[in-house]
Structure formats: structure tokens, C-alpha cells
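Report on the structure given below.
All heavy atoms count here, side chains included; hydrogens, waters and symmetry mates do not.
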Amino acid sequence: MAERVVTMAIGPLVSMLKDKASSYLLDQYKVMEGMEEQHKILKRKLPAILDVITDVEEQAMAQREGAKAWLQELRTVAYVANEVFDEFKYEALRREAKKNGHYIKLGFDVIKLFPTHNRVAFRYKMGRKLCLILQAVEVLIAEMQVFGFKYQPQPPVSKEWRHTDYVSIDPQEIASRSRHEDKKNIIGILVDEASNADLTVVPVVAMGGLGKTTLAQLIYNDPEIQKHFQLLLWVCVSDTFDVNSLAKSIVEASPNKNVDTDKPPLDRLQKLVSGQRYLLVLDDVWDNKELRKWERLKVCLQHGGMGSAVLTTTRDKRVSEIMGADRAAYNLNALEDHFIKEIIEARAFSSKKEKPIELVEVVDEIVKRCCGSPLAATALGSVLCTKTSVKEWKAVSSGTSVCTDETGILPILKLSYNDLPAHMKQCFAFCAVFPKDYKINVEKLIQLWIANGFILEYKEDSPETFGKHIFDELVSRSFFLDLEESKDYSGYYSSTCKIHDLMHDIAMSVMEKECVVATMEPSEIEWLPDTARHLFLSCEEAERILNDSMQERSPAIQTLLCNSDVFSPLQHLSKYNTLHALKLCLGTESFLLKPKYLHHLRYLDLSESSIKALPEDISILYNLQVLDLSNCCYLERLPRQMKYMTSLCHLYTHECPELKSMPPGLENLTKLQTLTVFVAGVPGPDCADVGELHGLNIGGRLELCQVENVEKAEAEVANLGGQLELQHLNLGDQLELRRVENVKKAEAKVANLGNKKDLRELTLRWTEVGDSKVLDKFEPHGGLQVLKIYKYGGKCMGMLQNMVEIHLSGCERLQVLFSCGTSFTFPKLKVLTLEHLLDFERWWEINEAQEEQIIFPLLEKLFIRHCGKLIALPEAPLLGEPSRGGNRLVCTPFSLLENLFIWYCGKLVPLREAPLVHESCSGGYRLVQSAFPALKVLALEDLGSFQKWDAAVEGEPILFPQLETLSVQKCPKLVDLPEAPKLSVLVIEDGKQEVFHFVDRYLSSLTNLTLRLEHRETTSEAECTSIVPVDSKEKWNQKSPLTVLELGCCNSFFGPGALEPWDYFVHLEKLEIDRCDVLVHWPENVFQSLVSLRTLLIRNCKNLTGYAQAPLEPLASERSQHPRGLESLCLRNCPSLVEMFNVPASLKKMTIGGCIKLESIFGKQQGMAELVQVSSSSEAIMPATVSELPSTPMNHFCPCLEDLCLSACGSLPAVLNLPPSLKTLEMDRCSSIQVLSCQLGGLQKPEATTSRSRSPIMPQPLAAATAPAAREHLLPPHLEYLTILNCAGMLGGTLRLPAPLKRLFIMGNSGLTSLECLSGEHPPSLESLWLERCSTLASLPNEPQVYRSLWSLEITGCPAIKKLPRCLQQQLGSIKRKWLDARYEVTEFKPLKPKTWKEIPRLVRERRQACRS
């Protein structure tokens, strides 16, 4: 099936033209006077084109050259016609402004601004343009009939938007599960290099869309990595590896980005990393095939501290070889099918309550087409989400090409793009204007869509609302990712997103040369083609580059986004007259452009410019919809005639400290929706009054500055609350008041703000902390729910009793939260946040009259951070409440509190003092303490003085009756834990060893326990006591519900004096043991007790050796196998380990790494001693076949084992008795292994035959063994994946390949001589065969079946292979991905294109000429 191509949707462009031609403004101001007939003809013919546009686009996607050429011509004509009708519209707006008096205000400047305002001249000029357009349209219609394009109704633009749910699938959650092993492996590599003085480089290699970046993010954000490295840096490299630009990007990704900005980037980089252990992630490296570039950068990076590392992700293996020359690349494997299926189903059925069985059955077929790519699965799932029938699902499946290494997942992404509605295609394709990995501001993106006319106006919704629906739909289809909500330094929130680099490739292929991105100075003179319409520049001297290019060319640029400073004027200004959107950062005080050339401008972003004022003639930009002047630090005034810019919808003026006033007449801007800052100037004719906002439908955030200039409080805010009655984002809902210190009669004015009945959220922000009493008598009305106060300089607050949320931050002088004389009751408060209150000591002033009031009866969340003087939480006396059987004493301050977080409060010693509470129990009542009766989550961090849980009598424990999660980190003085009978999750990080002895009180409720204690080199026997005291064990009848147990430096569990508590953990499923120095021998009695254990991880136990040399237990061959249900076993970095325990039959996966002394895997087998002896002396007496090795009843180990991974186990002489069930076998840096064997009876009959002689191989005496070249290694019969890496002298002789084998990777081997198929078996059908640096390998299988399914082949650095087998040579042309040494003959099949394809453009040109003549 021919691959379908992606094309730009032309239909919306023609629809845009149709709407412009039908605009009421054209008739209202008679701008087409004298051209009425041509106007009518055009309005009739445009729908005729739209009737067939769907058919033409489908033919173009099917690669019909004639249809593509016709569409290209239509696009050109439509662009020109749109520009012409933009001129008609501007003329109508000009006449409207003239009617309203704008000409009088402009005075004599009118002649310069409108040299062609004469109606006769305008009619003549525009009449000629309109006639040319009409002729071009008539030619297109004639060709349309010649080509036989058929009518297809255009699908209507839906106004009913389906509900999109971003969280229907959590990619990070699936990624964390699916890439857990990869993440753990790479983290292990990075952390293990802590003592390495050389720079460690770890390249991660995989095809696009396989999740390299996601894996890097998981590693980057892992707590172990965050803790291990002093500095973490992340930079996306993408296409261009420019050393200076990259060095600059690395520095700017650090906290020191503003340091030494005048120095060269490489010098800044060297200073940044000097002496620090850092991790640098270079994501998506492409263009780094020159060693000298990398060496230049590496010279600076090598100044980092010991253990510094660089983690790179790339699709190109050659890049990884250059950057990680001293280490093999980490090849990221495809995601397993069950994860792919999970992603597809989650996407496809996200909006459905049930999964129809008939659709679920189709999923398995679709999974195969994704080839393990999560991005492909997400894209296909998003496409399927809009399909409801089996026929549609099967059409998607059959219409999707299978992913290959050559095409990657692009065919699937193209299908996803082609499935979009036409108007969405246009919006997404525009995103090609941004560089790869660029953080796109969502609000700005939608405004750019509107400015370019991609979003038409509808009566039902505003263009912004319609654009947000389009964006949400594209997000749900995974065209955008990494959505983030962030706020800048000024506190303004914004949403950003990114585009996956492969999705970006799709957009670029659609736009072709219409979008041009220049992130560094272009090397080619003709970098800016005439077809360019959207341009992004972020290189230095952008104005010089533009001036040089525009001198030679005249592209009709619609979008110009310049991210670098512009210091000199732009030349050839008349060539910018087609601009619809412009972003410039002007480094000069004056405006460098001439508005008379910018009539069609809809979007103007001058943020962070140095201009002092805008010119008055900018008010002739009657089309302007967005004006962004934010962060213009020197801006003093706005144009006085701004009231004539009647199309203006969004005006951003925040962070303009020099702005003195607003221009008059703002009430005329009836479309204005956003005004971020209103500066009230001194009343006068050139200054707007706040009252002008009375009738405006302003939403979003509003900041009032210089309120001192408002003479009357009523004029300031009286109308704001009463008139701007909007919902959600509006003045009636949210108001921010800044510079409150400037307000005269502040108490009265702020009180007025609080009394506005429609106000739901109020933010008061001071620029700096100073003396203030504004809030002493603050009494907001009952409707105000959320109050946020920043940098208030008072010492106390007023009446805040009706608040639902209170956030106080940076109020450094606040000493008491509530002043004397106010009620302490907060009947509605649910959320309280206190941050950076440096003088905060007490919660309220003492007032005995208020003692018996409930404080926070509804408080659910309390966050306290950086309150250095706070000693304790609030206290309250007891209240008597009736209950069954009499009165019950209750604690009231936090009766409903569920979440409590306290961070960085160095003086907080105990939690609040808790009164005694009667609690019923069997046999009567008992007295307990309950300070937080509803608390479920408690997190304490970095509390230097915190050492006890209450201030009551010592020895009386506090009780948290509902506590479920407790996290205690970096509390060095804490030596005990509180009572919490329902605690299910306990996390102790950097805790004292004494804390260990209090864990027993939770064993009846804990399900997850993380106990990472401080490391002590020696542990006394007294400390190695049981987690369960003897008296508790005698009384205890139930078993612990614990399922996950992670132990770090917990020697007390395994020390010689410890009483074993393990028989209580019958439900434990996962056990992690880290840095247990007292663990020497395998704790078999522990394993016997853990009957539910499924996952066991032991790492960094430096003294673990295995069994005792003179064990009291039975011999290894007689020992039982424990734990019986174990499925996954991981042993890492146990350098003293010599021997394994007898692993159970249930084991499915086993990973062993960094166990350099390990001598055997499946227990101590007979014959091993002889094998080790001969391997160290003379290889001449090695056994010739596996059948010569001794067999014992214990040889049949692990019948369920499917995955075995061995790495850095240099003492393993052999891997014997491999189970027949094994499907994946990986060996890395295990150079001592000389023999691989499968369990006898599992592979074949005792006798084996070679594929050449077919004669049986009979057992021989050990002394009569043949030479190593004749050795043969037998693999498990179900093995599918075999990887042998960096094992230089491993496995001499012949390796026999089982029939199911799909992938074989052998790299860095100097022992193997031959690869052969098993006799009597079907030969394997390999999918991937990689042989690299195998110096002794000389022979490959010669059966054709072996290579028929091959899609990936590498044979490099194998000098003994003189010639490829003939059957392999015949397959080379069909192998998609291959790397072969030059000496091997390569014959590729290249299909020829039909000659008629080349003839189609010529035929199209001839037919056009015929029509014109």
C-alpha cells in the first residue's frame, strides 16, 4: 500500500476568504463601490471550489501529482486574495475611524499616514487586483472540471465539543512502570561513578517515539539522582550542535544564568561546573558527528567534581559512539506489548464507560503495528477515540503501516494528522514556526491562530473560546504534550506546552517552506525563500540578517517572531505590509517601525522592550487585537488616541513601573477582554479614570496601581464589584490590587474592596514589606472566599472569619495572625497557607474572653513553611460535648484537619499540646490523647529542633486516630514516633537509628514502610534487637498487612542479636534491602517466612557473601527453595557475594549486576570445581559438549524463569542448567564465562548432532575432551532474545541457535567461532542480528529461513567473516536497517517510479495555458 502523505488543509484558507468577501463592513462603508459585479461573481465561485476541496485533498494525500499541483496553485491564489480583502477591510475601518473623529485628532499627519486615502485612487488600484484574482479563480474552476474533481460535502465545523480529559491516562505512571528497569539500570550507572574522576557519559539510543526523553525525565527527577548530584542541568539540543550556543543554553539552564553574562559561553560553563558533581542531560542530540565539536565542549565539562555525568539521548548510534566513546550506548528496547495495549485502550476508551468486546479484539492487531512505541500507541489510541464501529477500527488498522527502523513511527503520526478536521490541521501545522522543544505559551498560541485567521468568528463563542476548544482537542489527541502551569516572577500564571520532535517533523513536512526557523545565523544566503510566510528568529543580530535577506527577496511574511533583542532599525519596511503577527524585543527607547506599513497587524508583542513610549500614529492599527507591553521597564505612556483601536481585545501592561497613566476613552474599546494593569493617573483630559472600566467585559487578572490618585473611593472600586459581574476569570470573581502602600485612606478603600458582593477572590500584593495597618480593620463581606496577601507589613490581621482559603506569604513583620478583640472562630476556613512569615510567633493575642471558641472547625489543609520563630501549633481548651453515656471531651482547633505539612521551621519543638479524651474500649473507657482526630497525611521536613510529639507529660504517647501517611525527613533530633493505629504508609528518611525501635507499634496497619536511617559503620549488638518486642510477640495473634518494605542502613533487622520478626510479614510482596553491612549470609530463615514475597531487591550490601563455609544447614543440594512465590530477584553491587541461594521454582525474572566475586547462579553444581580449574590452567581439556557436564537432581532450576540478566559478574566461569522456559538472556561484562548450558531434557535428547555432519555427539571422559574450538553451547529451546555485550574472552566454540530466537546481539566477543542452527529443529527466523567486534567469529548459518524476517542487521568489526552466506546476500535489499563493513557486497532493491508521475506537472501547466488563452 502506498504511503499517504500529509498536506496542508487548503479548505479553511478558502473559507476564510469566503467570509472576508461576505463581511458586512464592505457594504456598510461601500469600499467595493464600482466593483460590485466582480464581487458577486467571486462570492458565487468560491463555494464551488469548497464543494470539491475535500476530494482534491484526498487525492493529494494519495500522491496524485495533478491534485497536489492544483492545490498548490489554489493556496497561492487564496493567500493573495486574502491579502486583497484585508485591504478592503482596513479601508472600511479607516472610514469608520474618520467618521468618529480620528482624522481631526491626527491633524496634518493624516496626509503622511494615508497617502492613498482618495476613494477614486483606491477604487482603481483595488479594482485591478480584484480582476486578477477573479481570473485566477476562473482558471482553477476550469481545471477543476478537466481533472474531474467530484463534489464531496465538507464536514461541518463541530460546535459540540467532546469532553476531553487530560488525566484519562497518566503517561508518567505507565512510563515509570514500563521503564522501571531501564531507569534503575541507568541510575545505577550514574550513581556508581561517584568515585570516578573522569567525566561519565551515558548515551541512550533508540528510534524516535520510543520514550528516550521520558526515561531521561524519570531519571532526572528521581529522588536518588536529585540527592546524589549537587547540580542538575537539562538542555534540548535538537538539530544543531553548535558548541557556543549549547554552552550558553547549559549555563542559562542553571540558577547562575545571570552571572558573568559578558564572558564567553565556554568560560561561563567551565566556571559553572567547576568542583561540582553535576548531571547534565543533553536531550535529542542529532548533529554531533564531528568529534572536535564534542571535544571542545567536553574540555569545559571535565572541570566538574568527581562523579559528574552526562546523560544523552539520541536516535543516531554514531552520535552515541562519538560522545560515549569509553562506554557502550544504552540501547532502549521497545515497550512490551501489554503496555502498548494499555496505552491504546486508555486513549481509545477514555470517553466510554465500557469497552465493547468487538473493539477490544481489534486492539491486539493494532498493537503489533506500534512496534513498542508509546508515542505511536498514544497517537493511534487518540485516532480510535473518535471511531465507534469495528469497521472504522479495522480501517485504521489496515491503513496504518507497521513501524520500522527506517520509517520509525512517522506513518502512524501521519495517519493521526490526516484524521484531524481541516481547521485543526491548519492550527497544528502553524506550530512548525516554533523550534523543537520550544515552550509554547498556550494563550499566545491561540492569539496567533486568531491573528492569522485560522479561527473564524461564531456568534455562539468568542474566537478565544473556540481556539481553546481546538487546543484541548489537539492535546487529547497527543499533538501537544508537557502541559505546565507556571507563574513568572511577577506572579502571573501562564500555561505552556511542547510538541514532540516527531510531531514537529510532521508539521514541518506540511508547511514545507512556509515556516522558517533560525536559531543561529543562517549559513546559506538564500535561507529565506519567497514562499516563507511564518518566520521565527532567535539568533544574534537578527535585524542585520533580516535586512540582508529582505533586500534580495520579498516574501509575504504574515508572522515574524523575533526572540532576540533588536537594536537597529529594520529596513525595507514596505515589505512587511503583509504582517499579521509581530513579536519584537526592541533594545532602543524609540519605536523602530512605521505603523503605516502595518495596517493588517493583529498581534503586536513588544514585551521586555526598552521603549519609553509608543508613537501616536500606532493608533491607526485598526485591526490590532493583541498588544503586549508587559515588562517594558521604561515605558512611560501609551498613545492618547488608543480609543480608536476598536479591535483591541487584549492589552498587557503589567510590570511597567514607569507607566504613569492610562489614555482616555478606554470605554470605546468595547471588545477589550484583558487588561492586566490599570494605572490611575492624575485626573486630567489626557488621563483615563477608573470609571471608564464600568461597561467593559474585562476578564482575567486586573491590577490597580497608583490608587492614591483616585480622589474618591467610590470611583475606585464601587463600580468594579457591582458592574463587572462576570464568572470565573473576571473582576466580579478575582481582583488583584498592587502597590496598596500608595492608596490614600487605605483602610476605607481596602474595606470597600472587601465589601464588593461579586468578588470571590482577592489578592493584595505589596511591592515591599513596610509599616502598614491597612488590614487591621479589614472586614470582607461574606461572599469573599479566597484571600491572598503578599508582603503585607502589618503585625496583625483584621476580621478574616468568613474565608474558605487564606494564603499569607512574605508578610515578614506579622507577629500574630489574629489581633486582640476579634473572634478566633473560622467557621468556613478549609485551606491555610503560611509561608515566609519570619516574625510569626503566636497565633493570636491573648484574650481570656475568647477561650471557649472553636478555632478551625472545618480546616482540612494546613501548610506552614519557613516560619523560623514559630514554636508550636495553636492550642485550645477542652469543650464538653454530649455523647452516649455522658459527656465526651473533645479537641477543637483541628478537628477536621486531614493534611498537615510543616517544612523548615527550625524552632518548632513539639506539635501542639493535646488534651485527654475519653475513648470507648472493651470493658469501659480509657484516657488517650488526640490532637488531630481527623488527620490523614502528615509531612515534616527539615525541622532542626523537633524532637517530641507533644508538650505533655513525658511517657504519655500522643494518638493520631485517623493518620494514614506519615513522612518524616531530616529531623535529626527526633528519636521516637507517635501512636497511629491506622497508619498505612510510613516514610523515614535520614532518621536516627533509634527510630527503628518504634516501628513495631504500626505493624498491625502498615502496608508500605520506607526506613532509610543514618549510616553507621559499626552497629552494636545491643542495637540489633527485634522490631517486635518479646512482650508484644507473646500477645500478638494477627499478621502484618505490610506489602512493601524498603530498608536502608537498617542493620537491626539482620544483626546477630536481632530477634527475627519475619514470620509476621506473611503479606509482604516487595522487599528492598540497601546498605545492610551486617548481612553476611543468606537469611534463609527470613526467606522461609516471606510466603507472599514476589519482588526481592538487595543492593550495596558490601559484606554479603552467601552461605557460610561450614553451614549448620543441609548441603546446598538438599536445601529447600525459598521464598517459594518469588517472581523477581535483583542483586546489585554486592562485591563480596560468592554464591547464590537456591532460588524458588516460581522465579520469572532475575537480574544480577556488579557481583564481581559471584561463582555460580543456580547453587553450587557438581563439576564446577573441575571447570574452574581447567579454565585457569589449560583449555585443552574443557568438555566438548554440555552433555559431558555432571547432572544432579538439583539441575532443574527455575522452570518459570523467562528473563535473566547478568552484568559485571567477572568471576562466573559458566552458566549451567539454564531453564528451558527462558525467553531473554542478557550478559554484559562477564568475560570469564566459558560455557552456556541448558538443563538436560529441556532442550533435546541427550545426544546432539551438528548441522554439518548430523552425527550424534556422545559423552566423553573429561580428560579426553576436544579443543576449545570444538566446544558447543546449548541454549534454552524457547529463547527469543539473546544479548552478549563486552565479554571479550567469553564462550569459545559454537553457539547453537534455537528456533524461536528473534533477536541476537553479540558485541565485543573474542571467543565464539560459529553460529549454527540446531539439527532436527526448524531454523530460527531472526528479526534483528547485530554482530559487532566479534574477532574470532567466522561462520554464520546458511539456511534461508534464518534471514527472511530480518529487518535490522549489523555486521561490523568481524574480520574472520570473510563473506556473507549467499542466502543472506540475497536478502540485503529488503532489510530496512543495516550497517555492514565495506568489504561485504551490498545489493539493494530500488523500485522505479512510474514515468507518468513526472509528466503530470507538465500536463497541468499545458492545461492552464490553454484555459488562459
Where is the tightest heavy-atom contact between [X] and [Y], given as atom of each residue plus distance?
{"X": "Lys212", "Y": "Met207", "result": "NZ-O, 3.2 Å"}
{"X": "Ser478", "Y": "Thr378", "result": "OG-CG2, 2.6 Å"}
{"X": "Val517", "Y": "Ala432", "result": "CG2-O, 3.5 Å"}
{"X": "Pro374", "Y": "Leu335", "result": "CB-CD2, 4.0 Å"}
{"X": "Cys236", "Y": "Asp437", "result": "CB-OD2, 2.7 Å"}
{"X": "Phe434", "Y": "Leu445", "result": "CE1-CD1, 3.9 Å"}

Could you measure the distance from the [atom1] atom of [X] to the [atom2] atom of [Y]? Nearest 0.5 Å is fine.
{"X": "Leu279", "Y": "Leu233", "atom1": "CG", "atom2": "CG", "result": "8.0 Å"}
{"X": "Ile219", "Y": "Ile186", "atom1": "CD1", "atom2": "CD1", "result": "4.0 Å"}
{"X": "Ser607", "Y": "Lys444", "atom1": "OG", "atom2": "NZ", "result": "6.5 Å"}
{"X": "Leu215", "Y": "Leu311", "atom1": "CG", "atom2": "CG", "result": "7.5 Å"}
{"X": "Ser254", "Y": "Leu280", "atom1": "OG", "atom2": "CG", "result": "11.0 Å"}
{"X": "Phe479", "Y": "Met503", "atom1": "CZ", "atom2": "CE", "result": "5.0 Å"}

Answer whether the closest heavy-atom distance between the side chains of [X] and [Y] falls below 4.5 Å.
{"X": "Asp505", "Y": "Lys414", "answer": "no"}
{"X": "Leu190", "Y": "His228", "answer": "no"}
{"X": "Tyr278", "Y": "Leu272", "answer": "no"}
{"X": "Leu297", "Y": "Leu246", "answer": "yes"}
{"X": "His469", "Y": "Thr465", "answer": "yes"}
{"X": "Cys562", "Y": "Leu535", "answer": "no"}
{"X": "Leu301", "Y": "Val310", "answer": "yes"}
{"X": "Leu415", "Y": "Leu380", "answer": "yes"}

[X] side-chain N/O to [Y] backbone N/O, donor-acceptor pair under 3.5 Å:
{"X": "Ser373", "Y": "Cys370", "answer": "no"}
{"X": "Thr519", "Y": "Ser538", "answer": "no"}
{"X": "Ser495", "Y": "Val442", "answer": "no"}
{"X": "Thr314", "Y": "Pro203", "answer": "no"}

Test Asp605 against Val626 for side chain to side chain contact (heavy atoms under 4.5 Å, CB included), laying out the working first. CA-CA 8 Å; Asp605 183 352; Val626 178; over 6 Å; no

What verdict does the side chain to side chain contact (heavy atoms under 4.5 Å, CB included) test give for Lys298 and Leu199, after you've listed the backbone C-alpha separation in whole Å, the side-chain angles of each residue and the deciding distance to 0.1 Å? CA-CA 8 Å; Lys298 192 176 180 181; Leu199 180 66; 4.1 Å; yes

Full working for side chain to side chain contact (heavy atoms under 4.5 Å, CB included) between Lys341 and Glu345: CA-CA 6 Å; Lys341 184 175 182 180; Glu345 289 185 347; 3.2 Å; yes

Donor-acceptor side-chain pairing of [X] and [Y] below 3.5 angstrom:
{"X": "Glu443", "Y": "His650", "value": "no"}
{"X": "Glu655", "Y": "Ser630", "value": "no"}
{"X": "Asp283", "Y": "Thr213", "value": "yes"}
{"X": "Gln969", "Y": "Ser967", "value": "yes"}

Aromatic contact between His580 and Tyr603, with the criterion being ring centroids under 6.0 Å apart: yes or no? no

Does the gap between the ring centers of Phe901 and Phe863 come in under 6.0 Å? yes

Name each donor-acceptor pair under 3.5 Å that joins a side chain in residues 447-455 to protein atoms two or more places apart or in another chain, with its distance.
residue, atom, partner, partner atom, Å
Gln447, NE2, Tyr652, OH, 2.9
Trp449, NE1, Cys427, O, 3.0
Asn452, OD1, Gln558, NE2, 3.0
Asn452, OD1, Thr559, OG1, 3.3
Asn452, ND2, Leu448, O, 3.0
Asn452, ND2, Thr559, OG1, 3.2

Using a strict 4.0 Å threshold on nitrogen-to-oxygen distance, state whether [X] and [Y] make a salt bridge.
{"X": "Glu484", "Y": "Lys439", "answer": "yes"}
{"X": "Arg177", "Y": "Glu342", "answer": "yes"}
{"X": "Asp222", "Y": "Lys183", "answer": "yes"}
{"X": "Arg477", "Y": "Glu473", "answer": "yes"}

Can a cation-pi geometry be assigned to Lys425 and Tyr417, taking NZ or CZ under 6.0 Å from the six-membered ring centre and within 45° of the ring axis? yes

Within a 6.0 Å radius of atom NZ on Lys583, are there more than 12 heavy atoms belonging to other residues, nucleotides or ligands? yes

Once side chain to side chain contact (heavy atoms under 4.5 Å, CB included) is applied, do any residues pair with Asp337, and if so which ones, sequence neighbours excluded? Val367

Begin from the C-alpha positions of Phe229 and Trp234 and carry the test ring-ring contact (aromatic ring centres under 6.0 Å, His included) through to its verdict. CA-CA 13 Å; Phe229 291 98; Trp234 181 293; over 10 Å; no

Side chain to side chain contact (heavy atoms under 4.5 Å, CB included) between Ile344 and Ile366: does it pass, once the steps are laid out? CA-CA 9 Å; Ile344 293 176; Ile366 298 173; 4.0 Å; yes

